[in-house]
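Reading through the structure tokens given below for one structure.
Lettering follows sequence order; numbering is per chain, from 1.
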2 protein chains.
Amino acid sequence: MTATPTPPTASPAPAAPPEAADDWLRLDQQICFTLNAASRAFNGVYRVVLKDLGITYPQYLVMLVLWEHGALPVKKLGEHLRLDSGTLSPLLKRLETAGLVRRERSVRDERSVEVRPTEEGIALRQRALAVPRRIVAATGFEIDEIRDLSGRLHRLTAALDKAADEGA
Amino acid sequence: MTATPTPPTASPAPAAPPEAADDWLRLDQQICFTLNAASRAFNGVYRVVLKDLGITYPQYLVMLVLWEHGALPVKKLGEHLRLDSGTLSPLLKRLETAGLVRRERSVRDERSVEVRPTEEGIALRQRALAVPRRIVAATGFEIDEIRDLSGRLHRLTAALDKAADEGA
DNA sequence: GGCTATCCAGTTGTGGGCAATTGAATTGTG
DNA sequence: CACAATTCAATTGCCCACAACTGGATAGCC
């Protein structure tokens, strides 16, 4: 049961005349909420499209990185994906159980664990080639529009990460 | 430990000449990944800013709706937030434990549960008024730019929801 | 060589998101 | 009125995100 979206963007002005702070509250709701909602909506579409491949959206992101870069230590994978070991360790374990990756301690540095796509994992790429088209189609956006949006979001993320690091 | 972001947007072209499908894969990574990353980055900033209030980001979203609309059944709350009972039930229970809301079966329809902000919950709004300013500041974006982005994301969400419902 | 600081993956605990199911209440229909 | 279909909140089970911590490995420094 997916709830019917009722975006606050479309909600009418409240009965009381808005003070400045109220304005801020509504605006704030729009940025944070629309972004959150869009992210979850994407997740929903990926859930449908990736069902055939038997992997989840975060697992797909991991495979994308591995397809592009080949074997990587968990640390590097985390840097690419902006995820830490707390998220990646169990996720990679599931991918290993699914037979898509292998994890092996690096011989050169025993702290590090190399994540390597298996034959099966590499083969999965062929079936994944159809995914992006379907996703782009689902957005109803033009390529340029997507690129533009992506750029803005990238700038946004950088600013937010910087702000979070600075404690506010 | 927060991983250092290494956005794929900035990654150089791969060694092999990209076929069309490769292009699609990279582009895809940019939309879905940047959106996902931006959402999590927002979450991080909210985590910091909301620590004082003792609530999480999703809990804050719930309180925003309650502050604006007053008491609401769980169902309505879910429509506003695009969340179902599987997410809301435990979340609301935590908000109740924190003393910010009360949940009571509707007398008119015993299936429905009304969620009502307590005095304490209503009082929290005053302290929350400072939040949006800090968030907007953290984005480094101008108001108009935020509005624009928000509008795009709203359109995107609508399209994605529609596509997911249609099974692709 | 020994000591300490740092780095790395993994684990634990809390919270969120969602599909699927349950069970009770209500509505619609004959 | 009776019975089937629908609605609603809650629960279960799985996965993801992240903070905090653990334990082992390495690097740097004396």
Keeping the roles fixed (side chain from B/T139, backbone from B/V136), state whether a donor-acceptor pair exists under 3.5 Å. yes

Name the nucleic acid region contacted by B/T87, choosing base, sugar-phosphate or nothing; use a 4.0 angstrom heavy-atom cut-off, strictly under. base

May I have the distance from B/L61 (atom CG) to C/dG17 (atom C1'), rounded to whole angstrom? 13 Å

How many Å lie between CD on B/E110 and C1' on C/dA25, as a whole number? 8 Å

In whole angstroms, the gap separating P of C/dG17 from CG of B/L77 amounts to 12 Å

How would you label the contact of B/D109 with the nucleic acid (heavy atoms, under 4.0 Å): base, sugar-phosphate, or nothing? sugar-phosphate

Can you name the one residue among B/Q59, B/E96, B/R94 that meets side-chain contact (heavy atoms from CB on, under 4.5 Å) with B/V101? B/E96

Does D/dA10 have its OP1 or OP2 closer than 4.0 Å to a side-chain nitrogen or oxygen of B/R103? yes

Between the main-chain N or O of A/V62 and the side-chain N or O of A/W67, is there a donor-acceptor pair closer than 3.5 Å? no

Residue-phosphate contact under 4.0 Å: B/S85 side-chain N/O, D/dA9 OP1/OP2: no

Are any of A/R47's side-chain N or O atoms less than 4.0 Å away from OP1 or OP2 of C/dA19? yes

What is the distance from CD of A/E96 to P of C/dA9, rounded to the nearest Å? 14 Å

Please report, rounded to the nearest Å, how far the C1' atom of C/dA9 is from the CG atom of A/L95. 16 Å

Would you mind telling me which residue lines up with the more 5' stretch of DNA chain D, B/V74 or A/R111, judged by nearest nucleotide? B/V74

Return the value, rounded to whole Å, for the distance between atom CG of A/L35 and atom P of C/dG17. 13 Å

Grab the CZ-P distance between A/R105 and D/dG23 for me, whole Å please. 15 Å

Starting the side chain at C-beta, find the nucleotide from C/dG16, C/dA9, D/dC16 nearest to B/P58. C/dG16

If you find the nucleotide of DNA chain D closest to B/L88 and the one closest to A/L91, which residue's nucleotide is nearer the 5' end? B/L88

5'-most contact on DNA chain C: A/N36 or A/K76, nearest heavy atom basis? A/K76

Rounded off to whole Å, could you give me the CG-to-C1' distance for the A/L92 and D/dC15 pair? 14 Å

Is any side-chain nitrogen or oxygen of A/S112 closer than 4.0 Å to OP1 or OP2 of C/dC7? no

Do the side-chain N or O atoms of A/T56 get closer than 4.0 angstrom to the phosphate oxygens (OP1, OP2) of D/dC16? yes

Does A/K93 make a side-chain N or O approach to OP1 or OP2 of C/dT11 shorter than 4.0 Å? yes

Is it true that a side-chain atom of A/T34 and a backbone atom of A/I31 form a donor plus acceptor pair closer than 3.5 Å? yes

Under 4.0 Å: is that the gap between some side-chain N or O of B/R94 and OP1 or OP2 of C/dG16? yes

Residue pairs fulfilling side-chain hydrogen bond (donor to acceptor under 3.5 Å, both in side chains) with at least one residue in residues 47-57 of chain A, sequence neighbours excluded: none

If you compare every side-chain N and O of A/R40 against the phosphate oxygens of C/dC18 (OP1, OP2), does one of them come in below 4.0 Å? yes

Checking B/R155 against A/F141: charged group under 6.0 Å from the ring centre and within 45 degrees of the axis? yes

